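Single-structure report; data block below.
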Amino acid sequence: MALRFFNTYSRELEQFEPRDPAARKIGIYTCGPTVYSRAHIGNFRAYIFEDLLQRHLELRGYKVHRVMNITDVDDKTIRGAREAEVPLAKFTAQFKEAFFEDIETLRIKRADGFPAATDQRYIERMIEMIGALVSRGLAYQADDKSVYFRINKFPDYGKLAHFDLTQLQSTGRVKHDEYDKEHIGDFALWKAWDEEDANVKWDSPWGPGRPGWHIECSAMSTALLGDQIDIHCGGVDNIFPHHEAEIAQSEGVTGKKFVRYWLHCAHLLVDGQKMAKSLGNFYTVPDILGKGYTGNEIRYALMRVHYRAPLNFTWEGMKEARESLARIDEWLARLRERSASVSPAKNKGKQAGSMPYTFEEALDDDLNISAALGFLFESIRETNRAMDENKLDAASASAWLDWWKRINTVLDLEMEAEVAVPPEVVQLAKDRKSARREKNWKRSDELRGKISTLGWEVRDTKDGQKLTPRT
RNA sequence: GGCGGGGUAGCCAAGUGGUAAGGUCGCGGUCUGCAAAACCGCUAUUCGCGGGUUCGAUUCCCGCCCCCGCCUCCA
């Protein structure tokens with residue numbers, strides 16, 4: 001099946017055709033964090049979705065070049081720096097660092113570039129683009145000295161969000177201090193300096209100030225990926241106004257179609273409501289690690305629901321993630337043991353040449369992860385049954401391991417490297433082994449209890465005791 | 001009010017015009033000294049509600065209800 005994605009622009013599932021099919025190179029731009037505080041797991045749901053997208057495209061043989069911006073100047077970062085009484089760059093540095101720590105914990109592939117809005121190169125490019133827009137009559141400087149985009153001059157404005165501009169109403173979320181604009185929907189390209197901004201300012205043809213939020217993405221995406229990009233992602237809350245504005249700015253400057261496919265991820269909910277800093281109902285990665293869960297488990301919990309469906313975060317869901325991953329790891333351990341065994345030459349690895357491709361076919365269909373995981377778990381049950389019945393030979397087992405290796409380039413869910421068993425646990429297990437030889441069950445159970453309190457679980461298999469860390 | 005997304009078993013969730021994947025939880029069984037893991041069986045006559053089309057709809061059409069989000073700087 002050909003790859004297809006739901007394009008927000010058309011609101012339809014569309015077959016994926018990159019700009020340059022022959023080269024199999026794809027440019028993806030993803031909106032990154034605003035570094036005014038630690039990102040929460042709702043933000044990371046979007047980044048995990050983008051990670052899944054990239055990895056699946058790579059599995060399908062595309063060479064992905066992905067860029068993720070870092071917004072390190074805006075109202076919130078400036079306010080934060082002012083309150084902390086430190087320079088802006090110092091204030092944002094800590095959250096940049098935290099962000100990179102968290103994506104590593106969650107095994108999110110690093111983008112090929114993480115451009116920052118305050119980088120002089122991009123500031124210059126933003127000024128250049130704003131200049132071009134002004135000269136074309138698509139932007140104007142208002143009496144408040146800020147420069148705004150004139151949306152009435154860009155007929156396509158509103159097409160991505162499917163908004164009728166005459167219907168735009170203010171929700172009252174933003175203060176009406178913008179009387180200088182020609183149209184309520186005009187958005188800032190360049191924000192004139194005011195004293196709240198302290199020493200955060202850059203010179204421009206329109207006086208000192210700083211870039212508006214939207215222009216940074218237009219500048220950095222076109223700088224790093226060219227005038228036209230294949231895929232642009234973000235959370236649904238970015239559709240309007242952010243991505244709408246990006247289209248207007250970029251196409252206003254280049255005159256070319258900016259993005260071929262717009263993919264947007266639904267929100268992470270908590271208690272049925274959007275997880276958001278402003279609501280105070282959010283968890284960070286360290287919050288969840290602090291409850292004893294691993295990055296791996298968080299990754300699974302955030303990945304297992306289709307990206308366009310809202311996902312409700314619950315501790316029950318975390319537990320389920322843990323159990324599901326344990327099932328996978330258990331299966332892998334069995335396969336490894338089996339593949340290493342010298343098996344009788346009877347029944348040759350039947351599956352070796354015909355491993356199922358349904359996993360990636362499911363992902364081809366707008367990243368249908370639930371169906372893909374369904375196939376994985378069905379395969380697990382079937383191979384486990386075969387192993388129970390002693391019908392899976394070493395060759396087949398290693399074929400399944402190779403299969404896993406392939407799909408795991410997308411999932412990246414395998415347990416962290418085996419933890420070494422501590423010596424005291426080894427000793428207790430030894431004691432238990434001799435107790436069991438004497439059929440001293442009472443002593444055996446006591447020792448199992450002790451091992452358990454040390455964080456390890458002991459199981460009796462037909463090959464003797466097996467120790468696994470208790471999570 | 002406008003524009004989207006979602007409403008399938010206790011919970012999470014896939015899916016198709018022909019009689020409901022998978023995960024998790026619970027129960028029963030096999031295995032085990034007992035467990036654990038694994039496997040087997042059971043757990044939605046039913047897919048928000050009401051109409052319509054059809055031999056047949058959860059799946060198509062119409063209307064309605066509920067939840068969540070966006071409507072100017074929130075992934």
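Remember, predicted model here, so these are calculated numbers, not experimental data. Below, chain A is the first sequence line, B the second, and so on; all start at residue 1.
- If you check distances only, the side chain of A:Lys76 never reaches the base of B:C73 with a donor-acceptor pair under 3.5 Å.
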Checklist entry - Would you write out the dot-bracket form of RNA chain B, 5' to 3', with Watson-Crick and G-U pairs under 3.5 Å, [ ] for crossing pairs, | for pairs to other strands and . for unpaired bases? => result (((((((..(((.....[...))).(((((.......))))).....(((((..]....))))))))))))....

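- Distance, A:Tyr157 OH to B:C71 P: 11 Å, rounded to whole Å.
- Side-chain N/O atoms of A:Asp445 and base N/O atoms of B:G33 include a donor-acceptor pair closer than 3.5 Å.
- Among the protein residues, A:Phe377 comes within range of the sugar-phosphate backbone only, with heavy atoms under 4.0 Å from sugar or phosphate atoms but none that close to a base.
- Judged by distance alone, the side chains of A:Tyr140 and A:Asp186 do bring a donor and an acceptor atom under 3.5 Å apart.
- A donor-acceptor contact closer than 3.5 angstrom links the side chains of A:Ser37 and A:Lys277.
- A:Glu330 pairs by the side chain to side chain contact (heavy atoms under 4.5 Å, CB included) definition with A:Arg459, A:Lys466, not counting sequence neighbours.
- The side chain to side chain contact (heavy atoms under 4.5 Å, CB included) search around A:Lys439 returns A:Trp441, not counting sequence neighbours.
- Across all strands, A:Ile239 comes closer than 4.0 Å to no nucleic acid atom at all (heavy-atom distances).
- Rounded to an integer number of Å, the gap from NZ of A:Lys159 to P of B:C70 is 25 Å.
- Heavy atoms of A:Ala161 sit under 4.0 angstrom from primed sugar atoms or phosphate atoms, though from no base atom.
- If you check every strand for non-hydrogen atoms under 4.0 Å, A:His242 touches nothing.
- Residue-to-nucleotide contacts include no donor-acceptor pair under 3.5 Å from the side chain of A:Glu378 to the base of B:G22.
- For B:C70, its base never sits under 3.5 Å from the side chain of A:Lys274 at any donor and acceptor pair.
- Taking atom C1' on both B:C67 and B:C49, the two are 15 Å apart, rounded to the nearest angstrom.
- Side-chain N/O atoms of A:Asp460 and base N/O atoms of B:C34 include a donor-acceptor pair closer than 3.5 Å.
- If you check B:C3, B:C74, B:G23 against the side chain of A:Tyr300, the one that comes closest is B:G23.
- Using a 4.0 Å heavy-atom distance criterion, A:Ser370 is classed as a base contact.
- A:Arg436 contributes a side-chain N or O that forms a donor-acceptor pair with the base of B:G33 under 3.5 Å.
- Going from the C1' atom of B:C60 to that of B:G18 covers 14 Å, rounded to whole Å.
- If you check every strand for non-hydrogen atoms under 4.0 Å, A:Met275 touches a base.
- The base of B:C34 sits within donor-acceptor range of the side chain of A:Arg448, with an N or O pair under 3.5 Å.
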